[in-house]
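Remarks on the structure that follows.
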Amino acid sequence: MAIIHVAAECFPVAKVGGLADVVGALPKYQNSKKQKAEVIMPFYNLPFTQKNKCKEIFEAEVPLNGKNYTFKVLTLSKKSDFTIYFIDIPDLLYSDYVYSANDTLRFLAFQIAVLKWLITWETKPEIIHIHDHHTGLIPFMMTQSYQFEALKAIPTVFTIHNAQYQGWFSHDLMGLIPKFDFAKVGLLDWNDEINPMASAIKCAWAVTTVSPSYMEELKQNANGLENLLKHEQAKCIGILNGIDIEVWNPETDEHLVKNYKK
């Protein structure tokens, strides 16, 4: 099975929190189970990308907010546990930080670029697995934006790592989203704002959280999404995170003052 993970973070490239650990470990273990799991993420100006050579495999443009942003798709020149593709948009994403005050434009451009590339694939992914609000508009655009209709039938999975940050933005910026039938605008809206996390919950084929207990917690405290999660509970499931035992190994972990074993 060909699985594409789309996320803002992935260990060891860029890590702010637990999102990076999951996206950096899950594909590795899926591949060990005879799947083909790959990751698409932004290309940041961070130590990992500075030290590792990449090669370009695709180039196109994202028209956004009256400007055409050139983007390239890069991949590592050296072999790794799983393939990581980088979306390089120098004007927006190539920075020494992962998140900023301009994230609506940055991550919308990232998501559109991802879909503009995927639509050119001769053999499409069998599952697109998106993570947190930074990628939350992908299921909507796949199913509702006219230019991405060829991706409409691909199943999507949305994992909530942190429900407190939902990527809200004003309806005034709706024109940034590639054209769609305005009758479907309710799939974007939650509490009179465009809410990428709410949209992903509505539009994805399945919704997961990082543990069963977190799924139950969110039905009581999800920063305004409680009723939506209850309404969509038939497709929601909590799956307990594992850990990468090769990274989180006290015998070899270089971040420990002293290594130890039983």
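Worth saying up front: this structure is predicted, and the values here are computed from it rather than measured.
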Worksheet entry | Flag if over 12 foreign heavy atoms under 6.0 Å of OH, Tyr260 | no
Item to complete: Look at the side chain of Asn45 and the backbone N and O of Asp96, then say whether any donor-acceptor pair between them is shorter than 3.5 Å.
Response: no
Worksheet item: Step by step, would you call Val157 with Ile130 a side chain to side chain contact (heavy atoms under 4.5 Å, CB included)?
Response: CA-CA 6 Å; Val157 177; Ile130 63 170; over 6 Å; no
Worksheet item: If every non-hydrogen atom of Ile89 is compared with every non-hydrogen atom of Tyr69, which pair is closest and at what distance?
Response: CG2-CB, 4.0 Å
Item to complete: Count the heavy atoms belonging to other residues, nucleotides or ligands that lie under 6.0 Å from NZ of Lys36, then report whether that count exceeds 12.
Response: no
Practice prompt. Would you indicate whether Tyr165, at its atom OH, is surrounded by more than 12 heavy atoms from other residues, nucleotides or ligands within a distance under 6.0 Å?
Written response: no
Table please: side-chain donor-acceptor pairs of residues 183-210 below 3.5 Å, with sequence neighbours left out.
from: Asp189; atom 1: OD1; to: His171; atom 2: NE2; distance (Å): 2.6
from: Asp189; atom 1: OD1; to: Glu193; atom 2: N; distance (Å): 3.3
from: Trp190; atom 1: NE1; to: Gly224; atom 2: O; distance (Å): 2.9
from: Asn195; atom 1: OD1; to: Met197; atom 2: N; distance (Å): 3.1
from: Asn195; atom 1: OD1; to: Ala198; atom 2: N; distance (Å): 2.9
from: Asn195; atom 1: ND2; to: Gln166; atom 2: OE1; distance (Å): 2.8
from: Ser199; atom 1: OG; to: Leu187; atom 2: O; distance (Å): 3.0
from: Lys202; atom 1: NZ; to: Gly186; atom 2: O; distance (Å): 2.6
from: Lys202; atom 1: NZ; to: Asp189; atom 2: O; distance (Å): 2.6
from: Thr208; atom 1: OG1; to: Thr159; atom 2: OG1; distance (Å): 2.6
from: Thr209; atom 1: OG1; to: Ser211; atom 2: O; distance (Å): 2.9
from: Thr209; atom 1: OG1; to: Met215; atom 2: N; distance (Å): 3.3

Discussion item. Are Ile119 and Ile112 linked, directly or through intermediate hydrophobic residues, by side-chain heavy-atom contacts shorter than 4.5 Å (ILVMFWY only)?
Written reply: yes
Item to complete: Taking all non-hydrogen atoms of both residues into account, name the closest pair between Ser80 and Leu76 and its distance.
Response: OG-CD1, 4.3 Å
Fill in: Gap between atom CD of Gln111 and atom CG of Leu108 - 0.5 Å precision
6.0 Å
Worksheet entry | Atom pair OH/CD1 of Tyr214 and Ile239 - distance to nearest 0.5 Å | 15.0 Å
Worksheet item: Which heavy-atom pair separates Pro178 from Met141 by the least distance, and what is that distance?
Response: CD-SD, 3.5 Å
Item to complete: Determine, stepwise, if the pair Val39 / Thr83 fulfils side chain to side chain contact (heavy atoms under 4.5 Å, CB included).
Response: CA-CA 6 Å; Val39 170; Thr83 300; over 6 Å; no
Practice prompt. Measure the spacing between CD1 of Ile154 and CD1 of Ile128 and express it to the nearest 0.5 Å.
Written response: 4.5 Å
Worksheet entry | Ion pair check, Glu251 and Lys261, cut-off under 4.0 Å | no
Discussion item. Membership question, hydrophobic clusters at under 4.5 Å side-chain separation (ILVMFWY): are Ile3 and Leu115 in the same one?
Written reply: no
Practice prompt. Would you kindly confirm whether Phe180 and Ile138 end up in one hydrophobic cluster when ILVMFWY residues are joined by side chain heavy atoms under 4.5 Å apart?
Written response: yes
Worksheet item: Please walk me through it: do Lys78 and Asn52 pass side chain to side chain contact (heavy atoms under 4.5 Å, CB included)?
Response: CA-CA 8 Å; Lys78 69 177 184 179; Asn52 291 276; 2.9 Å; yes
Worksheet entry | With Glu61 via side-chain contact (heavy atoms from CB on, under 4.5 Å) - residues at least two apart | Asn68, Thr70
Fill in: Close side-chain approach of Tyr94 to Leu46, heavy-atom, < 4.5 Å
no
Worksheet entry | Electrostatic pair Lys219:Glu216 at N-O distance under 4.0 angstrom | yes
Discussion item. With a 4.5 Å cut-off on side-chain heavy atoms, are Val73 and Ile87 touching?
Written reply: yes
Worksheet item: Any side-chain heavy atom of Thr120 within less than 4.5 Å of one from Phe58?
Response: yes
Worksheet item: Met1 and Trp121: same hydrophobic cluster, using ILVMFWY side-chain contacts below 4.5 Å?
Response: no
Discussion item. Just verifying a value: how many Å separate Leu176 CG and Leu137 CG, rounded to the nearest 0.5 Å?
Written reply: 10.5 Å
Worksheet entry | Heavy-atom closest contact (Arg106 atom, Val98 atom, distance) | NH1-O, 2.9 Å
Worksheet item: Between Tyr146 (side chain) and Asp181 (backbone), is there a donor-acceptor pair under 3.5 Å?
Response: yes
Worksheet item: Under 4.5 Å between any side-chain heavy atoms of Ile57 and Leu74, yes or no?
Response: no
Response to the item:
All heavy atoms of His131 vs all of Ala7, minimum pair found to be CB-CB, 4.0 Å
Discussion item. Using every non-hydrogen atom in the two residues, find where Tyr97 and Tyr44 come nearest and quote the distance to one decimal.
Written reply: O-CD2, 3.6 Å
Scan the side chains in residues 14-24 for donor-acceptor partners under 3.5 Å anywhere in the protein, sequence neighbours excluded, and list what turns up.
from: Lys15; atom 1: NZ; to: Gly17; atom 2: O; distance (Å): 3.3
from: Lys15; atom 1: NZ; to: Asp21; atom 2: OD1; distance (Å): 3.3
from: Lys15; atom 1: NZ; to: Asp21; atom 2: OD2; distance (Å): 2.8

Worksheet item: Are Tyr85 and Leu93 co-members of a hydrophobic cluster defined by side-chain heavy atoms under 4.5 Å apart?
Response: yes
Item to complete: To the nearest 0.5 angstrom, please state how far the CZ atom of Phe86 sits from the CD1 atom of Ile84.
Response: 5.0 Å
Worksheet item: Less than 4.5 Å apart, any side-chain heavy atom of Asp103 and any of Phe169?
Response: no
Practice prompt. Look only at the side chain of Glu149 and the backbone of Gln147, and say whether a donor-acceptor pair between them is shorter than 3.5 Å.
Written response: no
Discussion item. Can a donor-acceptor pair be found, under 3.5 Å and without considering hydrogens, that links the side chain of Thr135 to the backbone of Asp132?
Written reply: yes
Practice prompt. Drop me the distance from Phe71's CZ to Trp117's CH2, to the nearest 0.5 angstrom.
Written response: 9.5 Å
Worksheet entry | Backbone of Ala2 reached by a side-chain donor or acceptor of Glu126 within 3.5 Å | yes
Worksheet item: Do Pro42 and Phe107 have side-chain heavy atoms sitting under 4.5 Å apart?
Response: yes
Worksheet item: Would you call Phe110 and Val6 a side-chain contact if the rule is heavy atoms closer than 4.5 Å?
Response: yes
Item to complete: Just do the side chain to side chain contact (heavy atoms under 4.5 Å, CB included) check on Lys152 and Met142 with the steps written out, would you?
Response: CA-CA 5 Å; Lys152 191 171 186 176; Met142 285 174 60; over 6 Å; no
Worksheet item: Between Glu226 and Ala222, is there a donor-acceptor pair closer than 3.5 Å when you use the side chain of the first and the backbone of the second?
Response: yes
Worksheet item: Quick one: are Lys124 and Leu151 in side-chain contact, heavy atoms under 4.5 Å?
Response: yes
Worksheet item: Do His134 and Tyr99 have ring centroids that are under 6.0 Å from one another?
Response: yes
